[in-house]
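Data block below; observations after.
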Amino acid sequence: MTQFNDLNLDPKVLKAIAEAGYETPTPIQAGAIPPALEGRDVLGIAQTGTGKTASFTLPMITLLGRGRARARMPRSLVLCPTRELAAQVAENFDTYAKHTKLTKALLIGGVSFKEQDALIDKGVDVLIATPGRLLDHFERGKLLLTGVQIMVVDEADRMLDMGFIPDIERIFGLTPFTRQTLFFSATMAPEIERITNTFLSNPEKIEVARAATTGENIKQGVVKFAPSRKDRESAEKRALLRRLIDAEGEACTNAIIFCNRKMDVDIVAKSLKKYGYNAEPIHGDLDQSQRTRTLEGFRSGDVTILVASDVAARGLDVPSVSHVFNFDVPSHAEDYVHRIGRTGRAGRKGTAVMICSPRDEKNLEDVERLVQSQIPRLDNPLGTTAADETPDEAEERPRRGRSRRVERNAPKAAERDAKAKPEQSKPEQSKAEQPKAEQPKAETVTEVQQPRPAPAPEAKAEQPRAQQRGRSGRDRRRDDADEQVVGMGEDVPAFILKSFKERRAG
DNA sequence: AAAAAAC
């Protein structure tokens, strides 16, 4: 098997890779690095979680190793759709370029121009940017792109969704024809295809499917929710969310909760905090410093629940998320795939639970058509009809969740996660809650046997684990899977290999 | 109808 040492990378880069603890490149890295080092254009079709970022940072650092940056003329450029993603790429550069003298600047919105200007003036080897802020700098005459030798476009399909393609085309036009282009997208939509035909020259195409999307390692479930009274809807929905989180018990080490609206992100986060959960909101209206702080806290484990808009649906590298909760059914079906793709990364187990209100039914149909299977129905722990009491009041005793303790009841899970996060804060279980025996935490969600249709809804919530299928072989948890991407290219559900357009077409 | 990204 190919090792990083076989890849002709700069010894300084190899040293940093070894120090970071890596030996074996992922398939996208093994495929993209050699042609990139030869100076060829690369078209990488890969999702996040495949090691995509290093597949362009490592050869870039090697190629830029010689030469020096001139004032206002960066030698390379990486474009990302969101600020967080750009910041992540910048971190990656810091890690792998630490033994070199290369300089970099991160140009993203929401922060002052001053520091960014100062760095550009000094001259940088690598510029990492979101399109808006980059063009802003350019228009102020602070930046020349005629010295760009390598240009990277990351998450191109998301750029497309966000309407950045005209900006990207414009930026392409500002760089020299002779540049090398490394282009990454999760899917090849027709518009993406057009861009690559226009701006890439005889690219080496590397296509890698991720094993872990909605395949066997993400357990999915959906809970139908109908409020007892209209004016209680939002409070009851939040109460249901808490019950669903609690039902997962110790298995839920950290989670992302997605809401469709920024306002709901704020409300849900605030409500969870009130009930003693360690939750923080993240969405585009929060200021950048808070977004950064929250994300850092979530990565480090200081924050265990991230309540997020779709700003966090794609691209964000949050290792080892055990659960995704969809507070709403996403209105764009493809967002479902991206959202639940935040869990079950790198061959690990993941759980994705979604709440579906009557008005979300249509969106649910769209999602199920897209993934070409029925998402197993879970029992509503609050009951299907009117509750006798307002759930918010019923559980009003706030639970103390600040203390950190090691997992007690789940030694295996604790072992597995020991490397990543030996401790975690957990809300205390309220006495008012139903006995665990009736609500076994690991069995609340049924395994998806795709593309086999889900079993009858009634049967599965209480089904003992031993009777569930699909637990053999690869399906088992890996103890050492922390950073390694495993099972690549195998057992990929057919739909994930198709473009979203093809999926919609059925 | 919403979210993201520029001021």
Side-chain angles (χ1 to χ4, degrees), chain A residues 48 77-90 105-117 120 127-143 145 153-171 174 185-186 234 256-269 281-292 294-295 306-316 326-339 341-342 354-367 500:
Chain A
T48 42
L77 174 60
V78 180
L79 292 173
C80 306
T82 66
R83 298 169 185 174
E84 277 75 12
L85 205 47
Q88 225 166 261
V89 171
L106 176 62
L107 304 190
I108 57 174
V111 294
S112 100
F113 280 90
K114 213 173 154 193
E115 282 174 45
Q116 297 177 357
D117 277 341
I120 297 170
L127 205 56
I128 302 149
T130 45
R133 183 53 77 98
L134 180 85
L135 287 171
D136 209 338
H137 277 282
F138 179 79
E139 277 157 15
R140 293 151 148 251
K142 294 282 185 186
L143 188 60
L145 296 177
V153 178
D154 198 9
E155 306 255 336
D157 52 342
R158 186 153 193 217
M159 301 259 200
L160 175 67
D161 290 348
M162 291 169 68
F164 282 160
I165 293 301
D167 287 348
I168 300 300
E169 290 187 84
R170 180 163 171 225
I171 295 165
L174 299 173
S185 183
S234 63
I256 304 181
I257 298 168
F258 285 104
C259 306
N260 287 1
R261 278 166 293 269
K262 290 183 278 199
M263 198 186 68
D264 286 328
V265 169
D266 286 329
I267 294 171
V268 168
I282 188 166
H283 61 68
D285 280 355
L286 298 171
D287 67 60
Q288 190 56 38
S289 63
Q290 192 183 341
R291 281 164 67 168
T292 306
T294 298
L295 207 52
L306 190 66
V307 188
S309 68
D310 279 316
V311 69
R314 305 191 209 180
L316 281 197
N326 279 302
F327 188 71
D328 304 299
V329 180
S331 47
H332 280 316
E334 55 261 46
D335 285 335
Y336 179 75
V337 180
H338 292 291
R339 286 181 179 186
R342 306 286 84 204
M354 180 155 69
I355 300 175
C356 178
S357 303
R359 77 167 76 88
D360 287 336
E361 288 289 347
K362 176 136 190 350
N363 288 336
L364 180 62
E365 280 172 30
D366 290 345
V367 167
F500 285 118

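Because only heavy atoms are used, hydrogens play no part in the values below, and waters and symmetry mates are left out as well, while side chains stay in. Naming: A, B, ... by sequence-line order, numbering from 1 per chain.
Between the C1' atom of B/dA6 and the CG atom of A/Asp285 lies a distance of 14 Å, rounded to the nearest Å. Atom pair A/Asp136:CG and B/dA5:P shows a separation of 14 Å (rounding to whole Å applied). In this structure, CG of A/Leu286 is placed 12 Å from P of B/dA3, rounded to the nearest angstrom. As a whole-Å value, the separation of A/His283 NE2 from B/dA2 C1' is 13 Å. Whole-Å rounding puts the A/Leu85 CG to B/dA4 P distance at 14 Å. If you measure from atom CD1 of A/Ile108 to atom P of B/dA4, you get 14 Å, rounded to the nearest angstrom. Between A/Asp161 atom CG and B/dA4 atom C1' there is a gap of 10 Å when expressed in whole angstrom units. Distance A/Met162 CE to B/dA5 P: 5 Å, rounded to the nearest Å.
Heavy atoms of A/Phe138 sit nowhere under 4.0 angstrom from any nucleic acid atom. Residue-level contact check: A/Ser331 touches the bases, meaning some heavy atom is under 4.0 Å from a base atom. Within 4.0 Å of A/Pro81, counting heavy atoms only, lie sugar-phosphate atoms of the nucleic acid but no base atom. A/Arg359 comes within 4.0 angstrom of no nucleic acid atom, judged by non-hydrogen atoms across all strands.
Residues A/Asp285 and A/Asp266 are not in side-chain contact: their nearest non-hydrogen atoms beyond the backbone lie 4.5 Å or more apart.
The side chain to side chain donor-acceptor pair (under 3.5 Å) check on A/Arg140 picks up nothing, with sequence neighbours excluded. A/Gln290 meets the side chain to side chain donor-acceptor pair (under 3.5 Å) test with no other residue; sequence neighbours excluded.
Between the side chain of A/His332 and the base of B/dA3 there is no donor-acceptor pair of N/O atoms closer than 3.5 Å. You won't find any donor-acceptor pair under 3.5 Å spanning the side chain of A/Thr82 and the base of B/dA4, going by distance alone.
Using modelled atom types and a 3.5 Å distance limit, the side chains of A/Asp310 and A/His338 yield no donor-acceptor pair.
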